[in-house]
Structures are given as structure tokens and as C-alpha cells.
Amino acid sequence: MAFEQVYEVVGRIPRGRVMSYGQIAAMLDRPLSARAVGWAMQQCPQGLPWHRVVNASGGISTHEMTDPPGLQRLLLEEEGVEFSAGGKLSMSRYRLVPKSRSRKK
DNA sequence: CCATTGACGAAGA
DNA sequence: TTCTTCGCCAATG
């Protein structure tokens with residue numbers, strides 16, 4: 001699992017759109033490496049739209065140690081992403097679809 | 001080299 | 001719908 005690839009994919013996520021760790025892993029031919037992707041994000045270099053990466057549930061999984069709590073949500077809302085009452089977003093709506101790069105259905 | 005942990009995910013209760 | 005369990009990858013002790 002080349003973390004560089006992970007960073008590259010994350011960098012391709014357009015504004016107002018998000019991707020799950022598992023989705024990124026699958027994009028790298030490693031559908032079962034979602035956790036490894038998370039590890040890569042833990043060392044995400046600056047200048048990367050890491051806030052566009054959320055878990056498959058559309059929730060925020062960041063930990064306050066490496067990232068201020070609530071920051072990711074604010075950044076996403078800044079891009080027009082609407083969150084549900086549960087602090088989660090409509091993955092089916094904001095999820096970036098590979099190859100097509102359009103919202104699902 | 002083996003065991004534990006972690007920004008995950010899908011399935012079962 | 002929410003919580004728990006198991007599986008997978010990479011890193012660390």
C-alpha cells in the first residue's frame with residue numbers, strides 16, 4: 001500500500017465531494033485496506049484536502065490528537081456539504097464515483 | 001517473529 | 001437504528 005497513492009487520490013477529490021477510506025483503498029486495488037488508508041491519513045501531509053475523507057457511514061472519524069474536533073465538519077460545510085442531525089452527511093450524495101466522477105444515482 | 005492497536009467496513013444481534 | 005464481533009493492512013512494542 002503506497003501511501004503516496006492515497007494522498008494522490010485524496011488530492012483529486014473535488015470541492016464539495018467526499019470519499020470513504022474503503023473507497024480509496026478499493027481505488028488502489030486494496031479493497032480491504034481501509035484501515036491502512038486511515039493510517040496513511042494519520043500522516044497526511046499539509047496541503048491535502050484530508051477533510052474530504054470520511055468513513056463509510058458518512059461520519060467523521062478523526063481523533064482530536066492529530067486534528068481539532070469539529071474542524072473537518074466546518075471545512076466540509078464551507079464547501080457546501082450539508083450534515084444531518086447525527087453529525088453525518090449523505091454519502092450517497094457527496095460520495096465521489098471513480099471514473100465517472102459524478103454523484104451516485 | 002508474535003501480539004496489540006488504530007482516522008475502517010460489513011455483517012449479525 | 002445502534003452496538004458488538006470479526007476481518008484486513010500497516011505500524012509499533
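- Here Gln5(A) contributes atom CD and Arg30(A) contributes atom CZ; the two are 12.0 Å apart, rounded to the nearest 0.5 Å.
- Using a 4.5 Å heavy-atom threshold, the side chains of Val54(A) and Gln72(A) count as touching.
- If you take OH of Tyr21(A) and C1' of dA10(B), they are 17 Å apart, rounded to a whole angstrom.
- Within residues 60-74 of chain A, the residues that place at least one heavy atom under 4.0 Å from DNA chain B are, in residue-number order, Ser61(A), Thr62(A), His63(A).
- What separates CD of Glu4(A) from P of dA10(C) is a distance of 15 Å, to the nearest Å.
- Taking 4.5 Å as the limit, some side-chain heavy atom of Trp50(A) sits within range of a side-chain heavy atom of Asp67(A).
- For Ser57(A), no side-chain nitrogen or oxygen approaches OP1 or OP2 of dG9(B) to under 4.0 Å.
- One atom, CG of Asn55(A), and another, P of dA10(B), lie 10 Å apart when rounded to the nearest Å.
- Here the P atom of nucleotide dG9(B) and the CG atom of Leu28(A) are 14 Å apart, to the nearest Å.
- Rounded to whole angstrom, the span from the CZ atom of Arg95(A) across to the C1' atom of dG9(B) amounts to 11 Å.
- Residues Leu71(A) and Leu75(A) meet the side-chain proximity criterion, which asks for heavy atoms closer than 4.5 Å.
- Shortest non-hydrogen contact noted between Glu79(A) and His51(A) is OE2-NE2, 3.0 Å.
- Of all heavy-atom pairs between Glu64(A) and Pro69(A), the closest is CB-CG, 3.5 Å.
- Atom C1' of nucleotide dA11(B) and atom CG of Leu32(A) are separated by 14 Å, given to the nearest angstrom.
- In this structure, Gln23(A) contributes its side chain and Leu96(A) its backbone to a donor-acceptor pair below 3.5 Å.
- Atom-to-atom distance recorded for Tyr94(A):OH and Arg52(A):CZ is 13.5 Å, nearest 0.5 angstrom.
- Near DNA chain C, meaning a heavy atom under 4.0 Å away, the residues from residues 35-54 of chain A are Arg35(A), Ala36(A), Trp39(A).
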